[in-house]
Amino acid sequence: MAFGRLFDRYARAVYNHAFRLTGSWTLAEDVTQSTFLVAWRKRGEAAVLVDGLALPWLLVVATNTTRTEWRSARRWLAALRRLPPGRGVEADPADDIVARLDDERQMADVLAVVRRLPRAEREAVALCLWSGVPYGEAAAVLGINEGALRSRVSRGRARLARMVVDRTKQEDER
């Protein structure tokens, strides 16, 4: 019963966070499911709650789950490349339709820039700017002080602004 309330309360926030990290609705669903599976498995253990809230911890679990998904995808693609020609997996036509969705394309563009941030800044931006986790809660769940977190967010925001300006200039030159 309590776990159901936890899911009902935070599933949308975790899902939105996962989409912002992956740029894919489908992968965001998988990450959300995996995140709550981890929460279910650790229900007897003490999760890192901040002011009695589980959301910051769940968002960090989602971030780690996303990293695991990307590593698995890279290994899978590497294995496919080792197959002899003509023996690969046929592409699913549904993937072509999903790829055309405007929101995924836009998110991919954003992620291309965000992924160039150092990991610490990327995590701070994802938690505080994208998912709206208060600085104190995000700092607690990341195990750093609030000043350090604010610094990461500020540096990340400034770096993103410079990268967007540089990218725009490059596109204009083409």
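Note that the structure is a prediction, hence the values are computed from the model and not measured.
In this structure, CZ on R162 lies 11.0 Å from CZ on R116, to the nearest 0.5 angstrom.
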Applying side chain to side chain donor-acceptor pair (under 3.5 Å) to T68 and R71, what does each step give before you reach the verdict? CA-CA 5 Å; T68 301; R71 281 192 303 270; 3.1 Å; yes
Worked check of side chain to side chain donor-acceptor pair (under 3.5 Å) between R155 and S151: CA-CA 6 Å; R155 282 192 316 266; S151 178; 2.6 Å; yes
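Contact annotation: the side chain of V133 approaches that of L59 to within less than 4.5 Å [non-hydrogen atoms, C-beta and beyond]. E137 is not listed as a side-chain neighbour of L55, based on a closest heavy-atom distance of 4.5 Å or more. Put simply, the side chain of L58 reaches to within 4.5 Å of the side chain of F36, judged on heavy atoms. Annotation: side chain of L142 is in contact with side chain of L127 (closest heavy-atom distance under 4.5 Å). H17 has its side chain out of reach of V31: every pair of non-hydrogen atoms, C-beta onward, lies at least 4.5 Å apart.
L37 is not connected to F7 by any chain of hydrophobic side-chain contacts under 4.5 Å among Ile, Leu, Val, Met, Phe, Trp and Tyr, and they are in different clusters.
The aromatic rings of W25 and F19 sit parallel to each other, their planes meeting at less than 30°, with 60° as the upper class boundary.
Enclosure of atom CZ in R115 by more than 12 non-hydrogen atoms of other residues, nucleotides or ligands within 6.0 angstrom is indicated.
Under the 4.0 Å criterion applied to side-chain N and carboxylate O atoms, K169 and E173 are not assigned as salt-bridge partners.
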